[in-house]
There are 2 protein chains.
Amino acid sequence: MTTREEVARKAGVSVAAVSYVLNNKPGVSDATRQKVLEAIRELDYKPSHAARTLKTKKTNQLTVFVNYLGDAFEAGILNHLEMESRMFGYFVNFQTYHPEREEELRHFMAGRIDGVFLLGQSLRPETLETLHKAGIPVISVMKPVEPGPVTAFVDIDWTASLQKTIRHLKSEGHLRIGLMANLSETHAHRTRTLAFRQAMKAEGLPFGETDILSGGGRLEAAKAAMLDYIRIGRLGEHTAFVAASDLMAIGMLTACRESGIAVPDRLAIAGCENVLMTLQTTPTITVLDYPRPEASVAAVRLMVEAIRGEPVASRLFDSRLLVRQSTHMGG
Amino acid sequence: MTTREEVARKAGVSVAAVSYVLNNKPGVSDATRQKVLEAIRELDYKPSHAARTLKTKKTNQLTVFVNYLGDAFEAGILNHLEMESRMFGYFVNFQTYHPEREEELRHFMAGRIDGVFLLGQSLRPETLETLHKAGIPVISVMKPVEPGPVTAFVDIDWTASLQKTIRHLKSEGHLRIGLMANLSETHAHRTRTLAFRQAMKAEGLPFGETDILSGGGRLEAAKAAMLDYIRIGRLGEHTAFVAASDLMAIGMLTACRESGIAVPDRLAIAGCENVLMTLQTTPTITVLDYPRPEASVAAVRLMVEAIRGEPVASRLFDSRLLVRQSTHMGG
DNA sequence: TTGTAAGCGTTATCAC
DNA sequence: GTGATAACGCTTACAA
């Protein structure tokens, strides 16, 4: 392994000079700079990341907690987060998040990362506290349910957004609207449940506990819940359903198809994220378009600023409603 | 930040003793061990990863190159890789792979990782060479097209597997079978194209360049290619298609649905991976079941052994054919 | 069984 | 402008 010492020797300068050049410090003569650059090239020298980290306490690594990578929505955000982070010289690693293994994760992270991205999870206060004390910013894409002291978050205004969905549904004649929710306490989907309740209220529509189905955030579970709903003869109770995630919307659609329930004629279905697949189903699914690229880019910006010690503020984005076949009669 | 020195002071022992305890070295008295453990707990001490890496040259980090995270197949493998790697104390980071940015990636990795996982990509010889010289094992999940000197790979026997698919198709009366391929030079999907050609030959079925459609590995592109195929009136040429990836199979199915082509009656379609979604389409899609968990676990094992310097050998797994509605007449 | 001390490859503070 | 040199926190001979 080539070290800075060898480079210095080869260039006929001191190790300090090499450092200056490498870190773009001012006050280095052009001649020296050239010699150093030349030596670096010839020796194919790469600075030691570990040594640098030991000295500077900066790891240039970011970690993101993922709930379930099989979800195209999360995968998409992870993707954007990675690409944007790399622009700033950060490596991104990820860890599947299990609430019950938080302690273990905390241990795992110690001294290895400069920042944590959350995908809406609510970390435990002790964990947040540990990270805070270690000076590690926590930026959440999607507002955590427990507000807790995350450094900042980016999200859309769920109440306003879901109100758009509800208004559209109303305009199509739907007054009994149900929600396929994910009731997990620590998952960002819960925010959507809360927002949906408010939005229904704002729109003057009735909404209670019996209007909520539990789909666990996954396709399979939502499908099972819907199949059950149909089986026990509840189908007449609602004329439309909003699913808190696209995967759940697809699950509901699958359940309807297998049961011979026409969508949107007998039941309208809308999703919340706009993953690619919602455009590939029959019927195509009406969804809110979560601005993933923008939100991810913003999250990385916030992260970089927070790491620099600059003050950061959470951001809320707009979300459009994309009306497609699953909610549009005669569409 | 608590250091080993503080722990030593608190426990009333030397810094070396703390190290011995931490690294489970023999030759430490129980009394000392207890005192150290106690001090560590009280101080909530965590060893510095950077310092340890600087000294040992082990980073305990693995990286995986991802082609496209929106693909449930890759996401699934990434998932398994992460979970299994963590069992062995490794952190997993990932990088979206772009052939043209390989140089940049190489730079990015220097001194930061102990091993590289490939998802079937063919790395350039120089890159492989660099990694080899740095003592970094390269384990590929799915055999790279260019055999190159990767340390080892895990995969299924594609020719034998695709032969199962073809035999099944033959038994359903299909003799003109096409392939929806991904022709990218560096992508593992290419292996499947090669294998398919061999399998067709082995089954005594005609297969030439005109029997190949190019779907770029993605749903959208495969759908477009299929739509095109239908539009220009080629539909009668084949009675069945095998897609080199499930995403492409779904894209073809979508194209057929939008064009009013009945599957499997007018065209049978089969996939290659068994991602969850193939069970949720109508019709459900016949697929080969790629043993993702087993392959991922095996890949991590190989990685750990290779890092330890043990000799490793590539492994081939069996793959089952899951016959579903998309290829089964009257199913 | 325990302690001392020499690095590991950087960065950064001083002198020169 | 440039060059010594002291940390950074850890591992590991080697000494005691």
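The sequence lines fix the lettering, A, B, ..., with proteins before strands; numbering per chain opens at 1.
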Regarding B:Glu38 and B:Lys35, does a basic nitrogen lie under 4.0 Å from an acidic carboxylate oxygen? no

So what does A:Val15 hit on the nucleic acid, given a heavy-atom distance under 4.0 Å: a base, only sugar-phosphate, or nothing? base

Side-chain N,O (A:Ser14) to OP1/OP2 (D:dG3) below 4.0 Å: yes

Starting at NZ of B:Lys57 and ending at P of D:dG9, how long is that distance when rounded to a whole Å? 17 Å

C:dT10 C1' sits how many Å from B:Arg112 CZ, rounded? 14 Å

Just the rounded figure in Å: distance from C1' of D:dG3 to NZ of A:Lys35. 13 Å

Can you name the side chain to side chain donor-acceptor pair (under 3.5 Å) partners of B:Asp30, sequence neighbours left out? none

Whole-Å distance, A:Arg4 CZ to D:dT5 P, equals 13 Å

What about A:Lys55, does its side chain sit under 3.5 Å from the base of C:dA12 through a donor-acceptor pair? no

Tell me whether the side-chain N/O atoms of A:Thr32 come closer than 4.0 Å to OP1 or OP2 in D:dG1. no

So B:Ser19, base contact, sugar-phosphate only, or nothing? Heavy-atom distance under 4.0 Å. base

Of A:Lys25 and B:Ala51, the one whose nearest nucleotide on DNA chain C sits closer to the 5' end is B:Ala51

With a sphere of 6.0 Å drawn around CZ of B:Arg315, does it hold more than 12 non-hydrogen atoms of other residues, nucleotides or ligands? no

Salt bridge or not between A:Arg86 and A:Glu82? Use side-chain N to carboxylate O under 4.0 Å. yes

Between the base of C:dT13 and the side chain of A:Tyr20, is there a donor and acceptor pair under 3.5 angstrom? yes

Would you classify A:Ala16 as touching base, sugar-phosphate or nothing, given that sugar-phosphate means primed atoms plus P, OP1 and OP2, and contacts are heavy atoms under 4.0 Å? base

Roughly how many Å is it from CZ in A:Arg33 to C1' in D:dG1, rounded to a whole number? 12 Å

Do the charged groups of B:Glu305 and B:Arg308 touch, with an N to O distance under 4.0 Å? no

Within residues 38-48 of chain A: residues closer than 4.0 Å to DNA chain C (heavy atoms): A:Tyr45, A:Lys46, A:Pro47, A:Ser48

Specify the residue among B:Leu54 and B:Pro26 whose closest nucleotide of DNA chain C lies further upstream toward the 5′ end. B:Pro26

With sugar-phosphate meaning primed atoms plus P, OP1 and OP2, does B:Arg52 contact a base, only sugar-phosphate, or nothing at under 4.0 Å between heavy atoms? sugar-phosphate

Around atom CG of B:Asp318, are there more than 12 heavy atoms from other residues, nucleotides or ligands closer than 6.0 Å? no

Restricting to side chain to side chain contact (heavy atoms under 4.5 Å, CB included), what partner residues turn up for B:Glu100, sequence neighbours left out? B:His98

What integer distance in Å separates B:Met1:CE from D:dC8:C1'? 10 Å

Interatomic distance, B:Glu5 CD vs C:dG3 P [rounded to whole Å]: 13 Å

